[in-house]
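Here's the structure, in structure tokens; my notes come after.
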Amino acid sequence: MSTIAHSEQRSINKTADLPDSWKNVLGLEFEKDYMKSLKQFLLAEISAKKIIYPHGSEIFSALKSTPYDKVRAVILGQDPYHGEGQAHGMSFSVKKGTKLPPSLKNIFKELENDLNIPPSTHGYLKSWADQGVLLLNTVLTVEAGLANSHKNKGWEIFTDKIIEALNQRNEPLIFLLWGTPAQSKKEMIDHKKHFILQAPHPSPLSAYRGFFGCRHFSKSNKILRELNLPEINWALAKN
């Protein structure tokens, strides 16, 4: 195994280093056969010199950034960005200094139309995660340049467990389901207890089919106000 693969293996083996609240509801998943098979698949891909995004240490960044007991809303996407330097483990987010992907540009367009928030010059959505917005994809890794390349490798089982665990929360949560893969999860969510907002994916291929004009940002804050909970500040800091 190459030095790079050894490094990635160490990172993948550390990915279960989650907040205690997530460990309490997901800890056993890492010992199950599907997760072991998924890890072996990733290591085999790396050994074959394929480039995988995000880096192993960032695969679970969404869970690390937003503990289970702090989640107030979930933005559910498809799979990570497959361009160099883009994916870092939080759906739709890119680190500062990274060129904005088209989907994120469309998210910012909708945010401006909805709440009059000017588009940010960066796409680092950590401040949303810090406020309890879980930025989750249905699949957590991807091969460079090949969207959906890690579909049906086991990630969907794991992210289903995340959604099932969130559905068990007593407090009402807001689920923003963007795109068909995300919307396929709605049957797992108790709509009598939680709130489900659906829209097409914000990619250029589908944004004009209903993502623009969905007003999910203002609708989420309206729900929070009605629950007497703090609104989410969707504006990103300039620095």
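The first residue in the sequence is number 1, and the count goes up from there. This is a predicted model, so every value here is computed, not measured.
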Q.
To the closest 0.5 Å, what do you measure between CG (Leu125) and CD1 (Ile107)?
A. 7.0 Å
Q) When rounded to the nearest 0.5 angstrom, what is the spacing between CZ in Phe211 and OG in Ser103? A) 8.5 Å
(Q) Side-chain heavy atoms nearer than 4.5 Å, only ILVMFWY residues, links allowed to pass through others: does that put Phe195 and Ile162 together? (A) no
**Q.** Set of residues satisfying side-chain hydrogen bond (donor to acceptor under 3.5 Å, both in side chains) with respect to Ser218, sequence neighbours excluded
**A.** Asp114
Q) Mind checking whether His122 and Leu236 have side chains closer than 4.5 Å, heavy atoms only? A) yes
Q.
Tell me if a side-chain donor or acceptor on Lys109 pairs with a main-chain N or O of Leu104 at a distance below 3.5 Å.
A. no
Q | Pairs involving residues 161-172, ordered by first then second residue, that meet salt bridge (Lys or Arg N to Asp or Glu O under 4.0 Å) (sequence neighbours left out) | A | Lys161-Glu164, Arg169-Glu171
Q.
I want to check something: taking the side chain as every heavy atom from C-beta on, are Leu176 and Leu76 in contact at a cut-off of under 4.5 Å?
A. no
Q) Which pair of heavy atoms, one from Lys153 and one from Ser149, lies closest together, and at what distance? A) CE-O, 4.2 Å
Q | Check: Pro181 main-chain N/O paired with Ser184 side-chain donor or acceptor under 3.5 Å | A | yes
Q | Ring centre gap for His194 and Phe175 strictly below 6.0 Å | A | yes
Q) Is there a side-chain contact between Lys36 and Lys39, using heavy atoms and a 4.5 Å cut-off? A) no
(Q) Is it the case that the side chain of Asn106 and the backbone of Pro202 share a donor-acceptor pair, with hydrogens and angles ignored and the cut-off at 3.5 Å? (A) yes
Q: Using the salt bridge (Lys or Arg N to Asp or Glu O under 4.0 Å) rule, collect all pairs that involve residues 123-138, keeping only residues at least two apart or in two chains.
A: Lys126-Asp130
Q: Drop me the distance from Lys32's NZ to Leu26's CG, to the nearest 0.5 angstrom.
A: 9.5 Å
Q. Within the side chain of Gln183, is there an N or O that forms a donor-acceptor pair under 3.5 Å with the backbone of Ala199?
A. yes
Q: Kindly write out the residues that satisfy side chain to side chain contact (heavy atoms under 4.5 Å, CB included) with Ala235, not counting sequence neighbours, or none if the list is empty.
A: Ile117, Asn233
Q) Does anything in residues 180-199 pair up under salt bridge (Lys or Arg N to Asp or Glu O under 4.0 Å), and if so which pairs, sequence neighbours excluded? A) Asp160-Lys185
Q) Is Thr98 reaching over with its side chain to a backbone N or O of Lys95, donor-acceptor style, under 3.5 angstrom? A) yes
Q: Enter the distance from Ile174:CD1 to Ser220:OG here, rounded to the nearest 0.5 Å.
A: 4.5 Å
Q: Mind checking ring pair (Phe, Tyr, Trp, His ring centres under 6.0 Å) for Tyr124 and listing every partner two or more places apart, or none if nothing turns up?
A: His88
Q: Indicate yes or no for a side-chain donor-acceptor contact from Glu156 to the backbone of Asn152 under 3.5 Å, with no hydrogens or angles considered.
A: yes
Can I get a per-line list of side-chain donor-acceptor pairs under 3.5 Å for residues 221-230, giving both atom names and the distance, sequence neighbours left out?
{"from": "Asn221", "atom 1": "OD1", "to": "Ile232", "atom 2": "N", "distance (Å)": "2.8"}
{"from": "Asn221", "atom 1": "ND2", "to": "Ile232", "atom 2": "O", "distance (Å)": "3.1"}
{"from": "Lys222", "atom 1": "NZ", "to": "Glu226", "atom 2": "OE2", "distance (Å)": "2.5"}
{"from": "Arg225", "atom 1": "NH1", "to": "Glu231", "atom 2": "OE2", "distance (Å)": "3.1"}

Q. Out of curiosity, Ser120 OG to Trp234 CH2, how far, rounded to the nearest 0.5 Å?
A. 14.0 Å
**Q.** Ring centroid separation Phe60 to Trp22 under 6.0 Å
**A.** no
Q. Are Trp178 and Leu197 close enough that some pair of their side-chain heavy atoms sits under 4.5 Å apart?
A. no
Q) Considering only heavy atoms from C-beta outward, does the side chain of Leu173 approach that of Ile189 to under 4.5 Å? A) no
Q. Does a donor on one side chain sit under 3.5 Å from an acceptor on the other, for Tyr34 and Glu29?
A. yes
Q | For Glu45, all residues meeting side-chain hydrogen bond (donor to acceptor under 3.5 Å, both in side chains), sequence neighbours excluded | A | Lys50
Q) Is the side chain of Asn167 donor-acceptor paired with the backbone N or O of Ile163 at a distance under 3.5 Å, no angle test? A) no
Q: Mind checking the CZ-CG spacing from Arg215 to Leu111? Nearest 0.5 Å is all I need.
A: 11.0 Å
Q. Sequence neighbours excluded, which residues qualify as side chain to side chain contact (heavy atoms under 4.5 Å, CB included) partners of Ala165?
A. Val25, Tyr68
(Q) Would the distance check show the side chain of Glu31 and the main-chain N or O of Leu28 forming a donor-acceptor pair, the cut-off being under 3.5 Å? (A) no
Would you be so kind as to tabulate the donor-acceptor pairs closer than 3.5 Å made by side chains of residues 133-146, with sequence neighbours excluded?
{"from": "Asn137", "atom 1": "OD1", "to": "Gln78", "atom 2": "N", "distance (Å)": "3.2"}
{"from": "Thr138", "atom 1": "OG1", "to": "Gln78", "atom 2": "O", "distance (Å)": "2.8"}
{"from": "Thr141", "atom 1": "OG1", "to": "His150", "atom 2": "ND1", "distance (Å)": "2.7"}
{"from": "Thr141", "atom 1": "OG1", "to": "Trp155", "atom 2": "NE1", "distance (Å)": "2.7"}

Q. Are Phe217 and Glu110 close enough that some pair of their side-chain heavy atoms sits under 4.5 Å apart?
A. yes
Q | Sequence neighbours excluded - salt bridge (Lys or Arg N to Asp or Glu O under 4.0 Å) pairs with any residue from residues 66-84 | A | none
Q | Heavy-atom side-chain proximity of Gln40 to Ser37 below 4.5 angstrom | A | no
Q: Give the minimum heavy-atom separation between Ala147 and His82, together with the two atoms involved.
A: CB-CD2, 3.5 Å
(Q) Show every side chain to side chain donor-acceptor pair (under 3.5 Å) that has at least one partner inside residues 199-213, sequence neighbours left out. (A) Ser203-Ser206
**Q.** Note, Pro119 side chain near Lys105 side chain (heavy atom, < 4.5 Å)
**A.** no
